[in-house]
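Below is one structure; the comments refer to it alone.
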Amino acid sequence: MTTVVRFAPSPTGKLHVGNIRAALTNYLFARKTGGKFLLRLDDTDIERSTEENAQGIHTDLAWLGLTHDLFAKQSERTAAYEAAADKLRTVGRLYPAYETPDELERRRKRQLAQHKPPVYDRAALSLTPEQRADLEAKGRKPHWRFKLSGKSVEFNDIIRGSVHIETASLSDPVLIREDGRFLYTLPSVVDDIDFAITHIIRGEDHVTNTGVQVEIFEALGAPIPAFAHFSMLVGAGGEALSKRLGSLSIEGLREEGIEPQAINSLLAKLGTSDPVVPRATLDELVADFDLAKFSRAPAHFDPNDLKAINHKLLHAMPYDAVASGLSRLGVGGGAPFWEAVRDNIQLLNEARGWWHVIEGPLEPVIEDASLAESARALLPNGPFTDATWNEWTSAVSAKTGAKGKALFRPLRLALTGQPHGPEMRKLLPLIGPERAAKRLAGQAA
RNA sequence: GCCCCCAUCGUCUAGCGGUCUAGGACGUCGCCCUCUCACGGCGAAAACAGGGGUUCGAGUCCCCUUGGGGGCGCCA
């Protein structure tokens, strides 16, 4: 049987690292098992869903390389949901209720005050036909609730093991709003059935939902997919991640200059027993993916880890992989430039700074004027090569007697304006004879 | 408030009653390499949350405490 999994974001905001962990896990599972990956937009909440957010989801996933095989939008599938709702009515599992949101809110507060769980009391179930007719006559429109069995739902979670949900302690979920629109619950199950989803892999914030969803699958006569709920991500300080989601949007990280594979590498391994190491491709992550490696405890997500991985990723990256990125930054110099600077940057856009060091104009720092002048005079005439730096500095040393730090530091400062950076052996040929001569003379170049 | 889940180095974790004076990875620190930083090589420091049980024996099983996470919507 081919596996089919899905990532089902709702386009009510930007994708963040938590979302991507879900997307990635599903993507990797699909690739690992030779299955299919469905991207489904859960856009039943039309007030909060926007086309811009939907577009952003596509952009982010494409940027990360998380391509889908199937696509669906819940807003276009209402006919299927209507049919399912009819079926639930037929089997007596969907009943009308007339409380207003305010009323329900008041009841919840009262229950909480009495130290009781805020569960719906099913008052609507005992409405007589006359009472219903009366309410309808007053213009009250019902919303529709799914009648839970009250039994314990058990399922074997691939990550969490045996899970029991007491549906008696849950409110009968509202499936259809007063205005006729569907809430997420029923569409989600209907889509999972229609797209033959075999594995539902998502965050543990959905484990309770699983109880009601399993009952809906059963009421609809559909097979129950396998479930896997991974733990949530918490911030570096242990705080819930949602508090700082704003700065952790994928769009934000992209703008910051983080490489997509840095994000994939971290998120695929965080909370698993595999070491977090930079991986240049998604295929490498697929190779050792296994749901059995996921821990049940919440994992700490530290944005600084992202930078560290990004740095290592960049260091190992061949020029071909960054060529387009560099040209977007307005950086030239080709492979020689990249190979000179890649060890010294954490973010690709920092290459711009080093490109400026080469292209100029920059104000040289002359620490030792006489040394700089001697060095300038000894500059070879021909084009600079890889060997130039060594030959030249040897000559300067022989002439002036300076060596070690006293020799190299002033030269580096004069040529680059900074006390450290990439190897001068590689930088000098890029700076070239003309700029080198001017900078050693103390002129901006 | 009620229900569920979790708890090993700073971080991610291995560990499924004796082989644990607790292993690995990342990070940190030191040394080496070296013109600087980085890379690389070698090495070091670093953890079983606390308290009770069970057992000949507990990181491993049970209970409590503490801490963290999740849930309790006409959100998803």
Side-chain angles (χ1 to χ4, degrees), chain A residues 8-13 19 42-45 47-49 74 97 99-102 104-105 108 111-120 141-145 157 160-161 163-166 168-171 173-179 181-185 187-188 202-209 211 229 231-234 236 238-241 266 269-278 293 295-302 304-305 308-309 311-312 315-316 341-346 389-390 393 397 403-413 416 418-425:
Chain A
S10 79
T12 53
N19 290 323
D42 283 9
D43 53 356
T44 52
D45 186 344
E47 272 115 41
R48 296 193 301 144
S49 296
Q74 292 192 327
E99 294 87 353
T100 65
D102 276 359
L104 293 168
E105 182 61 28
R108 269 194 294 271
Q111 287 169 311
L112 248 15
Q114 292 169 355
H115 306 297
K116 286 195 285 206
V119 175
Y120 177 59
K141 283 246 179 355
H143 54 277
W144 295 78
R145 287 188 187 261
D157 191 292
R160 307 170 73 78
V163 178
H164 305 248
I165 306 290
E166 298 301 328
S169 66
L170 266 30
S171 295
V174 175
L175 262 31
I176 308 172
R177 297 190 211 231
E178 188 185 315
D179 63 7
R181 281 157 46 207
F182 289 91
L183 277 97
Y184 136 96
T185 310
S188 176
R202 61 208 329 187
E204 71 171 0
D205 49 340
H206 285 285
V207 313
T208 315
N209 289 339
H229 292 93
S231 60
M232 306 309 284
L233 254 23
V234 294
E239 75 283 9
L241 206 57
L266 212 212
K269 298 303 187 185
L270 200 60
T272 75
S273 52
D274 277 334
V276 177
V277 290
K293 292 174 178 171
S295 160
R296 292 208 262 171
H300 291 72
F301 175 88
D302 187 344
N304 289 326
D305 292 343
I309 290 177
H311 181 197
K312 295 201 165 196
H315 172 232
V341 305
R342 65 179 173 185
D343 289 352
N344 291 76
I345 58 176
Q346 285 211 311
W389 173 257
N390 279 337
T393 53
S397 181
K403 56 187 171 188
K405 200 173 177 181
L407 169 66
F408 296 112
R409 184 184 150 92
L411 294 180
R412 174 180 284 278
L413 277 167
T416 71
Q418 296 176 50
H420 34 241
E423 283 186 69
M424 287 306 298
R425 179 173 64 84

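Reminder, nothing fancy here: chain letters follow the sequence lines and each chain counts from 1.
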Please determine, for B:C33, whether a Watson-Crick or G-U wobble partner exists with both distances under 3.5 Å, and give it or none.
-> none
Determine which nucleotide pairs with B:U66, using a 3.5 Å limit on both distances of a Watson-Crick or G-U wobble pair.
-> B:A7
Checking only heavy atoms, does the side chain of A:His143 share a donor-acceptor pair with the base of B:C74 at less than 3.5 Å?
-> yes
Taking the same atom, P, in B:G24 and in B:C42, what whole-Å distance lies between them?
-> 14 Å
P spacing across the pair B:A44 / B:U65, given as an integer number of angstrom | 42 Å
Does a nitrogen or oxygen in the side chain of A:Thr12 sit under 4.0 Å from OP1 or OP2 of B:A76?
-> no
Taking atom CZ of A:Arg181 and atom CG of A:Asp45, what is their separation to the nearest 0.5 Å?
-> 6.5 Å
Looking at every strand, decide which applies to A:Asn209 at a 4.0 Å heavy-atom threshold: base, sugar-phosphate, or nothing.
-> base
May I have the distance from A:Met232 (atom CE) to B:C5 (atom C1'), rounded to whole angstrom?
-> 13 Å
Where the side chain of A:Ser188 meets the backbone of A:Tyr184, is there a donor-acceptor pair that is under 3.5 Å apart?
-> no
Is A:Lys141 atom NZ crowded by more than 12 heavy atoms from other residues, nucleotides or ligands, each under 6.0 Å away?
-> no
What's the CZ-P distance between A:Arg160 and B:G71, to the nearest Å?
-> 11 Å
Distance, P atom - from B:G70 to B:C63, rounded to whole angstrom | 24 Å
Would you please say whether a donor-acceptor pair under 3.5 Å links the side chains of A:Asp42 and A:Gln74?
-> yes
With respect to the side chain of A:Leu183, which nucleotide from B:C74, B:A38, B:G1 is positioned closest?
-> B:C74
What is the distance from CD1 of A:Ile165 to C1' of B:C2, rounded to the nearest Å?
-> 15 Å
What pairs with A:Arg409 under salt bridge (charged side-chain N to carboxylate O under 4.0 Å, His left out), at least two apart in sequence or on another chain?
-> A:Glu367
Nucleotide N/O of nucleotides 26-28 of chain B paired with protein N/O under 3.5 Å:
{"from": "B:G27", "atom 1": "OP1", "to": "A:Lys312", "atom 2": "NZ", "distance (Å)": "3.1"}

So what does A:His164 touch, heavy atoms closer than 4.0 Å: a base, only the sugar-phosphate, or nothing?
-> nothing
Between B:C74, B:G71, B:A25, which nucleotide gets closest to the side-chain atoms of A:Asp205?
-> B:G71
Would you say B:C74 has OP1 or OP2 under 4.0 Å from some side-chain N or O of A:Arg181?
-> no
Classify the side-chain pair A:Glu99/A:Tyr120 by whether it contains a donor and acceptor separated by less than 3.5 Å.
-> yes
Closest to the A:His300 side chain: B:C12, B:G73, B:G1?
-> B:C12
Using purine N1 to pyrimidine N3 plus N6-O4 or O6-N4 for Watson-Crick, or N1-O2 and O6-N3 for G-U wobble, each under 3.5 Å, what pairs with B:C2?
-> B:G71
Which nucleotide, B:C72, B:C12, B:G70, lies nearest any side-chain atom of A:Pro118?
-> B:C72
Regarding the side chain of A:Arg296, the nearest nucleotide among B:C74, B:C5, B:A76 is B:C5
Base paired to B:A58 (Watson-Crick or G-U; both N/O distances under 3.5 angstrom) = none
Can you tell which of B:U11, B:G70, B:C6 lies closest to the side chain of A:Glu204?
-> B:G70
Rounded to whole angstrom, note down the C1' distance from B:C9 over to B:A25.
-> 12 Å
Looking across every strand, which nucleic acid part, if any, lies under 4.0 Å from A:Ser295 by heavy atom: base, sugar-phosphate, or nothing?
-> sugar-phosphate
Hey, is A:His420 doing a stacking thing with B:A38, by the 5.5 Å centroid and 30° angle criteria?
-> no
Give me, pair by pair, the N or O atoms of the protein and of nucleotides 33-35 of chain B that are less than 3.5 Å apart, along with how far apart they are.
{"from": "B:C35", "atom 1": "N4", "to": "A:Met424", "atom 2": "N", "distance (Å)": "3.4"}

If the C1' atom of B:U21 is compared with that of B:U34, how far apart are they to the nearest Å?
-> 39 Å
Upstream residue (5' side of RNA chain B) when A:Ile176 and A:His115 are each assigned their closest nucleotide | A:His115
When all nucleic acid strands are considered with a 4.0 Å heavy-atom cut-off, which category describes A:Pro275: base, sugar-phosphate, or nothing?
-> sugar-phosphate
Can you figure out which of B:C2, B:U36, B:A76 approaches the side chain of A:Asp45 most closely?
-> B:A76
Taking atom C1' in both B:C48 and B:C6, what distance in whole Å separates the two?
-> 15 Å
Does A:Ser171 place a side-chain N or O at less than 4.0 Å from the phosphate oxygens OP1/OP2 of B:G73?
-> yes
Does the side chain of A:Ile309 come within less than 4.5 Å of A:Val277's, by heavy atoms?
-> no
Could you check how far NZ of A:Lys116 sits from C1' of B:G71, rounded to whole Å?
-> 20 Å
Can you tell me how far the CD atom of A:Gln418 sits from the CG atom of A:Leu413, to the nearest 0.5 Å?
-> 9.0 Å
A:Thr393 side chain near A:Phe408 side chain, heavy-atom distance below 4.5 Å = yes
Of the listed B:G73, B:A14, B:A76, the closest approach to the A:Thr44 side chain comes from B:A76
State plainly whether the residues A:Arg412 and A:Glu423 are in salt-bridge range, i.e. N to O under 4.0 Å.
-> no
Here the distance between atom P of B:A38 and atom CD of A:Gln418, to the nearest Å, is 15 Å
Spacing between A:Ile309 atom CD1 and B:C12 atom C1', to the nearest angstrom | 10 Å
Flag, side chain of A:Ser295 to backbone of A:Ala297, donor-acceptor distance under 3.5 Å | yes
Could you say whether A:Val174 or A:Lys269 is positioned toward the 5' end of RNA chain B, judged by the nucleotide with the nearest heavy atom to each?
-> A:Lys269
Can a donor-acceptor pair under 3.5 Å be found between the side-chain atoms of A:Asp274 and the base atoms of B:A25?
-> no
Considering only atom C1', compute the distance from B:A49 to B:G43 and round it to an integer number of Å.
-> 31 Å
Spacing of the P atoms in B:G1 and B:G10 (rounded, Å) = 31 Å
Which part of the nucleic acid, if any, lies within reach of A:Ser169 when heavy atoms closer than 4.0 Å are counted: base, sugar-phosphate only, or nothing?
-> nothing
How close or far is atom P of B:C3 from atom CD of A:Gln114, stated in whole angstroms?
-> 16 Å
So, A:Arg296 side chain and A:Arg160 main chain: donor-acceptor pair closer than 3.5 Å or not?
-> yes
So which nucleotide from B:C72, B:A76, B:C37 ends up closest to the side chain of A:Ser10?
-> B:A76
Nearest to the side chain of A:Ala299, which nucleotide is it out of B:C39, B:A14, B:C12?
-> B:C12
Which one is paired to B:A14, where only Watson-Crick or G-U wobble pairs with both distances under 3.5 angstrom count?
-> none
Look at all strands and tell whether A:Glu99 reaches a base, only sugar-phosphate, or nothing, counting heavy atoms closer than 4.0 Å.
-> base
Can you tell me how far CD1 of A:Ile345 sits from NE2 of A:His315, rounded to the nearest 0.5 angstrom?
-> 11.0 Å
Side-chain heavy atoms of A:Leu270 within contact of A:Leu233, under 4.5 Å | yes
